[in-house]
2 protein chains.
Amino acid sequence: MSRAAPTGWQAVHDEALRRIQTREWPPGALIPGEEDLAAELGCARATVNRALRELAEAGLLERRRKAGTRVTEVPSRRAQMSISRIAEEIETRGARPGYALIAADDTPMPPARRHALGIGPDTPTRHVEALHLADGAPYVHENRWISLAAMPAAASADFTTMSANEWLLRHAPFSHGTLDYSAAAAGEAASHLGCDAQTPVMVLDRATFGPETPITWVRLTYAPGFHLHMKI
Amino acid sequence: MSRAAPTGWQAVHDEALRRIQTREWPPGALIPGEEDLAAELGCARATVNRALRELAEAGLLERRRKAGTRVTEVPSRRAQMSISRIAEEIETRGARPGYALIAADDTPMPPARRHALGIGPDTPTRHVEALHLADGAPYVHENRWISLAAMPAAASADFTTMSANEWLLRHAPFSHGTLDYSAAAAGEAASHLGCDAQTPVMVLDRATFGPETPITWVRLTYAPGFHLHMKI
DNA sequence: CAGTGGTCTAGACCACGGG
DNA sequence: CCGTGGTCTAGACCACTGG
C-alpha cells in the first residue's frame, strides 16, 4: 500500500517532516542540531544538512547560524507554477494549439510602460499583436513590445508562423522577469476573443529582462473561462 | 560597480549560467561532465554537482545519468510567489490589516465542492464567511468550509477575532494544496467589497490537504484593483 | 556493459551572530 | 567568544540508462 520508503537524505527529510506535522516538533520549537540528528539517524551531517536545507527552502524550517534550526511558526510557503510556451500551455490543457498574427509594426510602446521597464525614449522597439488559439477557439490575445536594443534580430524576424513568444524563448538570453495577473473587462481585446467588452477576463502583464537589459513587455488577455492553476 | 564575486558553488553556478547566457553552451548542447568541470574550475565534483543541480532545478539544464547534462532547448521556468497569512499579505502592501467576521455557521458545503475535495457526504463541515480589510477598506472576501473530520477543534473555534485563515495556519498540519485563480464578476461578494455586482474581480479557489485528509476549501474574492505579482 | 550523474561519508575550515 | 549552520574536499559506491 504505502510507497517504498526512501533512503538517504530523503529519509531524513521525510522523518523531519513527520515530526513537524505530528507536532513532535511544534511550531517555534528549536530542533536538535545537525550533529545530534546525524548521530540519532545514523548518517553523516552533510546528509542531515541536505534534508533540512530542503525543508528550509520549502518554508517549514528557519535556520540561523548559532541560533540553530526552528520550526516556522506560521509557514509562508511558495506556490509554484510552470511558465512555458503558450503553445505548450495549450497542449497541456489537451487542446490543439493555433496561432494567428494580427499585426507586426512599429506602434510605439506606451511611455508609462517604457518607464516601468527601464527603456529609454530613444530605444527602438517592435510591436507585435497576435492571437493564440486552442482547438480553433480564441485562447489568449498577445500585445507585445520588444526592445530592439536587446534583440536587434527581432526587427527582421517573421512572426507570421512562429509567435513572438516562442521566438523570444528560443533567441533571448532571458534571466528574470515579473508577472502581474489581474482581472479586468475584456475591453479592446474582446473582439479578438469573441466576447463582450465588459466580460471579466484574466490579464497578465509580463516584463522580461536579460542579464542586464530589458527585453520585452507583453500584455496577455485570456479568453473567458481561463483559470490559473498552481500547486503548493 | 559589480557585485562581489561569489566563491564556492555559487561561483560555479554563475560561471555555468554565464556560459549558457552567452551561448558558449548553446541550447541543446552537451556540456562537460562533472569530473571535467571540477578539474577545469579547480574544485571538487560535489561542488560542481551542487551548482549544476540548482541550474537544473531552475529549468536551465537537463541532467540524465549516462546521457550527461544538456542546456534546455526551450527553458520552461517556474514562477514563484509566496503564500502567507492574508494579514501579512496586506501588511506587505503597506496597509493596516483589518478583519470582520460575517458568519460562522453550518451552511452545508456545495456537493460539487465536496466531491472535488474528496469529502464524503457524511463528513461534517463548518462554514465561515468573513471580510479582510486593508486600511479599513475591503480587501478580500473569504467564503470557507472546514472539514471537522480533519479539524474537529474548528467546531468550537472562535473566528470573531482570529480569521479562519490564520487559525488554520496555526493549527492545521497542512502538507499540500491547490490554488486556482480566475476572473469573474463580483456577484454576491459585491456588497461586501463595495463594488458593482458585474465588476471584474480576481477569484481564488483554494483547496488544502493534510498529510492524508482534505482540510478546507475556500473561495477568496478580491476587491477590484487587486493584482497578483510573481517573479521568475 | 560502461559512463554519467546521484548520493553518502568523514573530516575540515569558515562565517555568522547569539550570548 | 564559541556554537551552529554553510560549505568544501577526496574518495567511494550505487543507480540508471544509453550505446
Side-chain angles (χ1 to χ4, degrees), chain A residues 3-20 25-73 75-76 78, chain B residues 3-20 25-73 75-76 78:
Chain A
R3 299 171 181 282
T7 59
W9 71 266
Q10 292 197 15
V12 179
H13 173 281
D14 290 357
E15 172 61 14
L17 181 58
R18 188 190 64 78
R19 294 185 186 185
I20 294 169
W25 289 344
L30 186 65
I31 76 173
E34 295 187 346
E35 204 111 35
D36 294 341
L37 276 176
E40 178 196 337
L41 301 175
C43 64
R45 185 169 80 95
T47 305
V48 173
N49 182 280
R50 170 79 186 269
L52 298 188
R53 176 160 35 90
E54 302 262 336
L55 288 169
E57 282 173 8
L60 293 173
L61 292 177
E62 287 174 346
R63 323 196 70 196
R64 265 152 42 199
R65 287 173 161 105
K66 170 70 181 179
T69 301
R70 290 182 178 279
V71 180
T72 309
E73 291 270 9
S76 158
R78 286 179 183 171
Chain B
R3 302 170 180 281
T7 58
W9 70 267
Q10 293 195 14
V12 179
H13 173 280
D14 291 358
E15 171 60 14
L17 181 58
R18 188 190 66 77
R19 295 186 185 185
I20 294 170
W25 289 344
L30 186 65
I31 77 171
E34 296 187 346
E35 204 114 32
D36 295 340
L37 275 177
E40 179 196 338
L41 301 175
C43 64
R45 185 169 77 96
T47 305
V48 173
N49 181 280
R50 170 77 187 270
L52 298 188
R53 177 162 30 95
E54 302 261 337
L55 288 169
E57 283 174 5
L60 293 173
L61 293 176
E62 288 175 344
R63 322 196 71 197
R64 264 152 44 203
R65 286 173 160 106
K66 169 72 179 182
T69 300
R70 289 180 178 281
V71 179
T72 308
E73 290 271 7
S76 159
R78 287 179 182 171

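Order of the sequence lines sets the chain letters (A, B, ...), proteins ahead of strands, with each chain counted from 1.
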(message) Whether B:Arg63 and B:Glu34 form a salt bridge (side-chain N of Lys/Arg under 4.0 Å from carboxylate O of Asp/Glu) is what I want to check.
(response)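 Answer for the salt bridge query: yes.
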Does a side-chain N or O of [X] approach OP1 or OP2 of [N] to a distance below 4.0 Å, or not?
| X | N | value |
| --- | --- | --- |
| B:Asn49 | C:dG5 | no |
| B:Arg63 | C:dG6 | yes |
| A:Thr69 | D:dG5 | yes |
| A:Arg64 | D:dT4 | no |

Between [atom2] on [N] and [atom1] on [X], what's the gap in Å once rounded to a whole number?
| X | N | atom1 | atom2 | value |
| --- | --- | --- | --- | --- |
| B:Glu35 | C:dA2 | CD | P | 17 Å |
| A:Leu30 | C:dG18 | CG | P | 13 Å |
| A:Glu57 | D:dG5 | CD | P | 16 Å |
| A:Leu41 | C:dC8 | CG | C1' | 14 Å |
| B:His13 | D:dT7 | NE2 | C1' | 16 Å |
| A:Gln10 | D:dA15 | CD | P | 14 Å |
| A:Glu62 | D:dG5 | CD | P | 14 Å |
| B:Glu54 | C:dG5 | CD | P | 17 Å |

Selection from [options] that lies nearest to any side-chain heavy atom of [X]:
| X | options | result |
| --- | --- | --- |
| A:Lys66 | C:dG17, D:dG18, C:dG6 | C:dG17 |
| A:Glu34 | D:dC8, D:dG5, C:dG5 | D:dG5 |
| B:Arg65 | C:dG18, D:dG5, C:dT4 | C:dT4 |
| B:Cys43 | C:dC8, C:dG6, D:dT9 | D:dT9 |
| B:Trp9 | D:dG5, D:dC8, C:dT7 | D:dC8 |
| B:Ala44 | D:dT7, D:dT9, C:dG17 | D:dT9 |

When we call it a touch if two heavy atoms are under 4.0 Å apart, what does [X] touch: a base, just sugar-phosphate, or nothing?
| X | result |
| --- | --- |
| B:Arg50 | sugar-phosphate |
| B:Ala67 | sugar-phosphate |
| B:Arg45 | base |

Using side-chain heavy atoms (C-beta onward) and a distance below 4.5 Å, is [X] in contact with [Y]?
| X | Y | value |
| --- | --- | --- |
| A:Cys43 | A:Val48 | yes |
| A:Thr69 | A:Leu30 | no |
| A:Ile20 | A:Thr72 | no |

(message) Using the rule given for side chain to side chain contact (heavy atoms under 4.5 Å, CB included), can you reason through A:Ile31 versus A:Leu52, listing the C-alpha separation, both sets of side-chain angles and the distance that settles it, and then say yes or no?
(response) CA-CA 11 Å; A:Ile31 76 173; A:Leu52 298 188; 4.2 Å; yes
(request) Report the residue (A:Leu52 or A:Ala46) whose heavy-atom-nearest nucleotide on DNA chain D is the more 5′ of the two. (result)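 Closest to the 5' end, via its nearest nucleotide, is A:Leu52.
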(request) Please step through side chain to side chain contact (heavy atoms under 4.5 Å, CB included) for the pair B:Arg50 and B:Thr47, ending with a clear verdict. (result) CA-CA 5 Å; B:Arg50 170 77 187 270; B:Thr47 305; 5.8 Å; no
